[in-house]
Protein chains: 2
Amino acid sequence: MRISKVNKMHNLSKNQQIIFDLIDKSSEPLKAYAILFNVQKKGIKAPLQVYRALDKLVEIGKIHKIESRNAFIACQNSSCQVAKATAFSICEICEKVTEISSAGLSKYLANFKDKDGMKYSKYNLEFFGLCKKCR
Amino acid sequence: MRISKVNKMHNLSKNQQIIFDLIDKSSEPLKAYAILFNVQKKGIKAPLQVYRALDKLVEIGKIHKIESRNAFIACQNSSCQVAKATAFSICEICEKVTEISSAGLSKYLANFKDKDGMKYSKYNLEFFGLCKKCR
DNA sequence: TACACAATGTTATAATATAACATTAACCTA
DNA sequence: TAGGTTAATGTTATATTATAACATTGTGTA
């Protein structure tokens, strides 16, 4: 069965798949050079190969970048197709990161208008605090 | 009149003041090495001098870091003493950044609880879209 | 004065990310 | 299925962002 253009799946390329698998099975966000180190045995030798795969994976929403940490985490939200509305909680002690999926929050932010009545197409929110274990 | 310990003002040091002034008069967020270039004539020669001043200024809430851009902007919100609750709008074309001060938004986020009932002490929110001019 | 702490100065280096260019693979369509 | 198009890859070099380590100086206060 052919995949139609409209519903086109994001079939990952070789490098993209290797890097996604690594991030997906990681229990914590991974940094680009940690990824590089881990995939060198699979033939990915250069930073640029990693960054290109990361860029694509972010673009299609399979992973997200935690901006305050320069690290990447797999999308936890099965319905998230594009990286356009993301929220995370970050523990300042153990650095555990969790993707927040709250219908209320995302609705509130998607509808938020600034003073000029401006709405935004995209957002990223990072909460900081202490996780249950670290309190 | 002496300044009491409790109400201590943040008297900026020489380097902190130089760097704050530069950021404060800038119409756009500044990157660390752009700052370095600009203050070399004032005797600040090394990246570390810049980063140390930036760290302190962020800590006391005089400036904020725009995480997605690795750039720094002066706090627009006169009541903001600490960098614990920040929100910005970022134009994806002209890169104009504005600090959002919305009582509704900050109240909503300050009171936001995740699925486990967890509240957070701090957050950073970045909205992306097109500014008035760029639409 | 002298103690404590914050800030500075300096050199070196670590960590994060992109430029530029050549090549190969995958996909579509005529 | 040939040929054009785009995405992905490989590779070397380099740009950008940030911190380590250590010595010194300034500042407030007991």
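Remember, predicted model here, so these are calculated numbers, not experimental data. So that the names make sense, note that chain A is the first sequence line, chain B the second, and so on, each numbered from 1.
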>> Which label fits A:Tyr108 and B:Tyr108: parallel for a plane angle under 30°, tilted from 30 to 60°, or perpendicular past 60°?
In response: parallel
> Does any residue of residues 21-46 of chain B have a heavy atom under 4.0 Å from DNA chain D, and if so, which ones, in number order?
Replying inline: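 Hits under 4.0 Å, by residue number: B:Lys31, B:Tyr33.
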Could you state the [atom1]-[atom2] distance from [X] to [N], rounded to the nearest angstrom?
X       : N      : atom1 : atom2 : result
A:Gln17 : D:dT9  : CD    : P     : 11 Å
B:Gln16 : D:dT27 : CD    : C1'   : 13 Å
B:Leu12 : C:dT8  : CG    : C1'   : 15 Å
A:Lys65 : D:dT17 : NZ    : C1'   : 11 Å
B:Ile60 : C:dA6  : CD1   : C1'   : 13 Å
B:Asn70 : D:dT17 : CG    : P     : 6 Å
B:Arg69 : D:dT17 : CZ    : P     : 13 Å
B:Phe20 : C:dA7  : CZ    : P     : 16 Å

> If every non-hydrogen atom of B:Glu95 is compared with every non-hydrogen atom of B:Ile90, which pair is closest and at what distance?
Replying inline: OE1-CG2, 4.3 Å
>> Looking at every non-hydrogen atom in both residues, tell me the closest pair between B:Ile19 and B:Ala53 and how far apart they are.
In response: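 Of all heavy-atom pairs spanning B:Ile19 and B:Ala53, the closest is CD1-CB, 3.6 Å.
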Side-chain N or O of [X] versus OP1/OP2 of [N]: is the shortest distance under 4.0 Å?
X       : N     : answer
B:Lys14 : C:dA6 : no
B:Asn15 : C:dG9 : yes
A:Ser13 : D:dT9 : yes
A:Gln49 : D:dT9 : no
A:Asn11 : D:dA7 : no

> The side chain of A:Arg52 lies closest to which of these nucleotides: D:dT9, C:dA17, C:dT8?
Replying inline: D:dT9
State the [atom1]-[atom2] distance between [X] and [Y], to the nearest 0.5 angstrom.
X        : Y        : atom1 : atom2 : value
A:Tyr120 : B:Ile100 : OH    : CD1   : 5.0 Å
A:Ile35  : A:Ile23  : CD1   : CD1   : 4.0 Å
A:Ile18  : A:Ile44  : CD1   : CD1   : 4.5 Å

> Closest nucleotide of DNA chain D for A:Lys56 versus for A:Pro47: which of these residues is on the 5' side?
Replying inline: A:Lys56
>> Looking at A:Arg69 and A:Glu126, is there a salt bridge between them, counting it only when a charged N and a carboxylate O are closer than 4.0 Å?
In response: no
